[in-house]
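Here's the structure we're looking at; comments come further down.
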Amino acid sequence: MTDSFNASSNLVFAVDLGGTHLRAALVDHAGTIHKQIKRHTPRDESPDAVVHALACIANDWRGGDHGPIIGASVMVPGAVDSGQAVVLSAPNLPSLINFGLKAVLQERLGWPVVLENDANAAAIGEMWLGAARGCKDVVSVTLGTGVGGGVVLGGKLWRGAHGSAGEIGHTTVDPFSGLKCKCGNTGCLELFASATAIVRMARESLSEFPPAALSGDDLTAEKVYEAGRSGDELALTVFKRAGKYLGIGLANLMSFIDPEIIVISGGVVNGWDLFAADMYQEVSDRAFRATAQQVKIARAECGDNAGLLGAARLAFDEMA
Ligand SMILES: [Zn+2]
């Protein structure tokens, strides 16, 4: 493996193991994706089905007419231990909790395996090939089903002493809302700025905005966004509210870390035009003026692939 490491044809088997879908790709040194697949994540009580699914994809791709696969890099939707070997928490994929995924995958795949939190990998992906290119102090915030965060300081991931650094989604932005988060806290940012929160806030406000274009049935964040683009007052109010809470969270983050750039990703970012003004206003009102003026807040550029690319980059770095 070492002899061939610098060959530009070397590939990493990168995996984004989400609670709903698993995505896998073969990625080279330049970040080019050679193969890619998306499947439903097995939701069995045992982690064996997840391991089996990854092994099947790996076996399909092994020995193909591409460069050698030198390792695997797997992102999980949760915290991993300080040894980067065991999944400690994964609210959306509970079968993996306390499971030594790294060792099992190394055995089944026959490659060295890197294990990383998905938001951390996304931060690396955006720094490598996305909105944070050329930056060394980067925070990425992912607004998806939940709200994730990754922190890069001096060009290196900051995982924290116990593997849970960057959990901006579980910082408190409203202690008086009475809303309980699945993490156990109340008033977390995730309860106001995630796709789940967009839907909940819209549903809660339906009766205040008759007659509404939106109905309570099959409501999704995308539908709220589409209604907002059409000028629906309820949808616009929901996105403005999400923007305010996000701005509070980002102002806190700026005061604490003072990064060069904060990269915002995830499905909710599609509603940027509907929430950005309120987000910027809160940042301006709350963060130090000089900080607020200098920290760039940008939309992610790698889309769904930020995590896969970051995972690949982490593996290339580690295996060097
Ligand atoms: Zn929380």
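Note that these values count all heavy atoms, side chains included, but never hydrogens, waters or copies made by symmetry. Quantities reported herein were computed from a predicted structural model and do not represent experimental measurements.
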*Going only through I, L, V, M, F, W and Y residues with side-chain contacts under 4.5 Å, is there a path from Val50 to Leu88?*
no
*Could you state the interatomic distance from CG (Leu26) to CZ (Arg62), rounded to the nearest 0.5 Å?*
11.0 Å
*Fellow cluster residues of Phe288, listed by chain then number, with links counted only when side-chain atoms sit under 4.5 Å apart*: none
*Mind jotting down which residue pairs meet the salt bridge (charged side-chain N to carboxylate O under 4.0 Å, His left out) criterion with at least one end in residues 128-156? Sequence neighbours excluded, please.*
Arg133-Glu301
*Assess whether side-chain contact (heavy atoms from CB on, under 4.5 Å) is satisfied between Val295 and Ile261, documenting all intermediate values.*
CA-CA 5 Å; Val295 178; Ile261 186 169; 5.9 Å; no
_Any non-hydrogen side-chain atom of Val263 less than 4.5 Å from a side-chain atom of Val139?_
no
*Would you say the side chain of Val12 lies within less than 4.5 Å of the side chain of His29, judging by non-hydrogen atoms?*
no
_Side-chain donor or acceptor of Ser89 paired with backbone N/O of Gly78 under 3.5 Å_ = no
*So do the side chains of Ile297 and Leu250 get within less than 4.5 Å of each other, counting heavy atoms only?*
yes
*For Glu107, look at atom CD and say whether over 12 heavy atoms of other residues, nucleotides or ligands are found less than 6.0 Å away.*
no
*Yes or no on side chain to side chain donor-acceptor pair (under 3.5 Å) for Asn185 and Thr172, after CA distance, side-chain angles and deciding distance?*
CA-CA 8 Å; Asn185 187 23; Thr172 306; 2.9 Å; yes
_Within one Ile-Leu-Val-Met-Phe-Trp-Tyr cluster: Leu246 and Ile262, side-chain cutoff 4.5 Å_ = yes
*Any sub-3.5 Å donor-acceptor pair from Asn59's side-chain atoms to Cys56's backbone N or O?*
no
_Qualifying ring pair (Phe, Tyr, Trp, His ring centres under 6.0 Å) pairs, either residue in residues 144-177, two or more places apart_ = none
*Quick one: hydrophobic cluster around Trp128, which other residues, with the 4.5 Å side-chain cut-off, linked directly or via members?*
Val27, Ile33, Leu129, Leu309
*After noting the C-alpha distance and the side-chain angles of Asp317 and Ile124, does the key distance pass the side-chain contact (heavy atoms from CB on, under 4.5 Å) rule?*
CA-CA 11 Å; Asp317 288 350; Ile124 294 293; 5.8 Å; no
*Do Phe209 and Leu214 have side chains that get closer than 4.5 Å, going by heavy atoms?*
no
*With sequence neighbours excluded, tell me which residues meet side-chain hydrogen bond (donor to acceptor under 3.5 Å, both in side chains) with His34.*
Asp28
*Is there a side-chain contact between Asp218 and Lys223, using heavy atoms and a 4.5 Å cut-off?*
yes
*Donor-acceptor pair, Ser205 side chain versus Met201 backbone, under 3.5 Å?*
yes
*pair Ser194-Val147: side-chain heavy atoms closer than 4.5 Å*: yes
*Minimum side-chain heavy-atom gap Ser95-Glu45 below 4.5 Å*: no
_Arg43 side-chain N/O to Gly19 backbone N/O, donor-acceptor pair under 3.5 Å_ = yes
*Separation between CD1 of Ile97 and CG of Leu101, rounded to the nearest 0.5 Å*: 13.0 Å
*Counterpart residues, ring pair (Phe, Tyr, Trp, His ring centres under 6.0 Å), relative to Trp272 (two or more places apart)*: Phe275
*Within a reach of under 6.0 Å around NE2 of His52, are more than 12 heavy atoms found that belong to other residues, nucleotides or ligands?*
no
_Membership question, hydrophobic clusters at under 4.5 Å side-chain separation (ILVMFWY): are Val76 and Val86 in the same one?_
no
*Backbone N or O of Gly160 within a donor-acceptor pair of the Ser164 side chain at under 3.5 Å?*
no
*Above 12 or not: heavy atoms from other molecules or residues under 6.0 Å from NZ of Lys240?*
no
*Donor-acceptor under 3.5 Å (Thr41 side chain, Gly18 main chain)*: yes
*Could you tell me which residues satisfy side chain to side chain contact (heavy atoms under 4.5 Å, CB included) with Thr142, sequence neighbours excluded, listed by chain and number?*
Ser265
*Those residues that, when tested against Ala72, pass side chain to side chain contact (heavy atoms under 4.5 Å, CB included) (two or more places apart)*: Phe13, Leu109, Trp111, Val113
*asked:* Grouping I, L, V, M, F, W and Y whenever their side-chain heavy atoms are under 4.5 Å apart, do Leu17 and Leu308 come out in a common cluster?
replied: no
_Using 0.5 Å steps for rounding, measure from the CG atom of Leu157 to the CG atom of Leu314._
5.5 Å
_Ser177 side chain to Leu179 backbone, donor-acceptor under 3.5 Å_ = yes
*Would you confirm whether Glu126, through its side chain, and Cys302, through its main-chain N or O, come within 3.5 Å as a donor-acceptor pair?*
yes
_Side-chain donor-acceptor contact under 3.5 Å, Gln36 with Asn305_ = yes
*Drop me the distance from Thr196's OG1 to Glu190's CD, to the nearest 0.5 angstrom.*
7.0 Å
*Out of curiosity, Leu206 CG to Leu234 CG, how far, rounded to the nearest 0.5 Å?*
6.0 Å
*asked:* Using every non-hydrogen atom in the two residues, find where Ile198 and Ala242 come nearest and quote the distance to one decimal.
replied: CD1-CB, 3.8 Å
*Using the test side-chain hydrogen bond (donor to acceptor under 3.5 Å, both in side chains), find all partners of Ser46 that sit at least two apart in sequence or belong to another chain.*
Asp48
_Point-to-point distance, once rounded to the nearest 0.5 Å, from OG of Ser73 to CD of Glu318_ = 8.0 Å
*Lys182 side chain near Asn92 side chain, heavy-atom distance below 4.5 Å*: yes
_Residues in ring pair (Phe, Tyr, Trp, His ring centres under 6.0 Å) contact with His40, at least two apart in sequence or another chain_ = His21
*For residues 215-260, which residue pairs qualify under ring pair (Phe, Tyr, Trp, His ring centres under 6.0 Å), counting only residues two or more places apart or in two chains?*
Phe192-Tyr245
*asked:* If we check side-chain contact (heavy atoms from CB on, under 4.5 Å) with Arg23, which of these qualifies: Lys38, Arg39, Met75?
replied: Lys38
*State plainly whether one hydrophobic cluster holds both Leu93 and Val114, where clusters connect Ile, Leu, Val, Met, Phe, Trp and Tyr through side-chain heavy atoms under 4.5 angstrom apart.*
no
*What residues form a side-chain hydrogen bond (donor to acceptor under 3.5 Å, both in side chains) with Glu260, not counting sequence neighbours?*
none
*I would like to know whether Asn252 and Thr171 meet side-chain contact (heavy atoms from CB on, under 4.5 Å); could you show each step before the answer?*
CA-CA 9 Å; Asn252 293 342; Thr171 56; 5.5 Å; no
*Flag yes if more than 12 heavy atoms outside Arg200 fall under 6.0 Å of its CZ atom; otherwise flag no.*
yes
